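Everything on this sheet refers to the single structure shown next.
Note that the structure is a prediction, hence the values are computed from the model and not measured. These values consider heavy atoms only, across backbone and side chains, with no hydrogens, waters or symmetry-generated copies.
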Amino acid sequence: MKSCLVVDDSKVIRKVARRILEELSFETIEAVDGRDALDQCNRSMPDVVLLDWNMPVMNGLDFLIELRQTPGIQQPIVVFCTTENDLSHIKIALEAGADEYIMKPFDREIIEAKFAQVGLV
Amino acid sequence: MNSEDFELMRDLLKTRSGLIITPDKVYLLESRLTPLARRSGLEGLDDLVAKIRTERNEELITEVVDAMTTNESFFFRDKNPFDAMENSILPALRESRADRKHLRIWCAAASSGQEPYSIALIMKEKWEMWKDWRIEILGTDISRKILDKARRGLYSQFEVQRGLPVQMMIKYFTQKGDLWELSEDIRSMVQYKELNLLQSFDGLGRFDVIFCRNVLIYFDTDNKASVLDRMYEHLAPDGSVFLGAAETVLGITNRYKPVRGLRGVYAPTDAEGNIAPAALSLTG
């Protein structure tokens, strides 16, 4: 079973994402911000990270940059999932090392399609 | 809905579009036609059926057929057919058509354009291979309204996220407010034409590839056979037909056989019922 770390400061979004991911047979872990997500990755690296952008303490972009600069780890697939839906944010995310990008709101079909694009489903 | 009204709508839809509505699908009539009834200033579905029965208003009938036959589409739907197209069918055609450098592809139920544009995007991504070729991609659909949307190439945020890789999205789409517009470069690769699959294909010419996915599933066996047999007449002997994941030719026509290893892809057969020699290159 593949594992997915859902990083979002919204409890509702985490709950919705968890439900969809569990339907897609992912073991789901949650983090409330980028710092929490880094701690989770240090403990156990997930196969994929579903990552919000705007969060307190550490935002998604800073988390991604730090993750991608960490040497000697098995780099997970990172899929942004954010309300930032303009082209400039998408390009910044891809340059920082995101593999896919989901613009909120999302549904099961979008997550499934995007995960299929990166070979997860 | 009473049985007389149901029978009227069932017969109308079958005659006009081939769509089969069984009694257990009455909910589809209600969910799709009630909004149309309200838009037309009517109380509900019963009034809509009464108006069709008494007036035989062609404009209204066209809208009914549109509402019942327009189905959701998305880019690279099911992924596998497009992988087969990119990795097997197109390379085989590139070799076999090297002398004339001309390809013709038909998407027979193009809906809002995502399928023909997905094929165009595959080819554009490897444009070095195709730049001196004449590529014709034809998208047909029974609904004029949905073809207008296809021609515009404007998609919602939801539509561009279903199946389209983000790298392709930022490369070929421009953000227009809440919508995403496909580049003129890709749109110009696809031509659209209104076509009812129950009617003649005369004038379409011969194709190297036909996509006819997720439409025959709504037809009865006679109409499935009729469409597939007439498509055969418009398919090159080494061409291929793509059907939807839940569709098959088995028990419907012997004019095609499945291409081994490529699920949903069918090659035309010869008079003996074997895959035509010219198409064997597809089977590896």
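The contact between A:N85 and chain B is made by backbone and side chain atoms together, counting heavy-atom distances below 4.5 Å. Contacts of A:I111 with chain B are absent, with no heavy-atom separation under 4.5 Å from either backbone or side chain.
Within a 6.0 Å radius of CD in A:Q74, other residues, nucleotides and ligands contribute 12 heavy atoms or fewer. Within 6.0 Å of CZ in A:R108 there are more than 12 heavy atoms belonging to other residues, nucleotides or ligands. Counting heavy atoms of neighbouring residues, nucleotides and ligands inside a 6.0 Å radius, atom CG of B:D178 does not exceed 12 of them. Other residues, nucleotides and ligands contribute only 12 or fewer heavy atoms inside 6.0 Å of the OH atom of B:Y218.
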Go through it in stages, so that I can follow the logic: the residues are B:M169 and A:M103, the test is side-chain contact (heavy atoms from CB on, under 4.5 Å), and I'd like the CA-CA distance, side-chain angles, deciding distance and then a yes or no.
CA-CA 12 Å; B:M169 190 186 85; A:M103 297 174 275; 3.8 Å; yes

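Of all residues in residues 141-160 of chain B, those placing a non-hydrogen atom less than 4.5 angstrom from a non-hydrogen atom of chain A are B:Q157, B:F158, B:V160.
Among all heavy-atom pairs drawn from A:E100 and B:V166, the shortest one is OE2-N, 3.0 Å. Contact detail for A:K91 and B:I170: the closest heavy-atom pair is CG-CD1, 4.2 Å. The nearest pair of heavy atoms linking A:A113 to B:Q161 is CB-O, 4.2 Å.
With contacts defined as side-chain heavy-atom distances shorter than 4.5 Å, the pair A:K114/B:L164 does not qualify.
Checking side-chain atoms of B:Q175 against main-chain N and O of A:L87 turns up a donor-acceptor pair under 3.5 Å.
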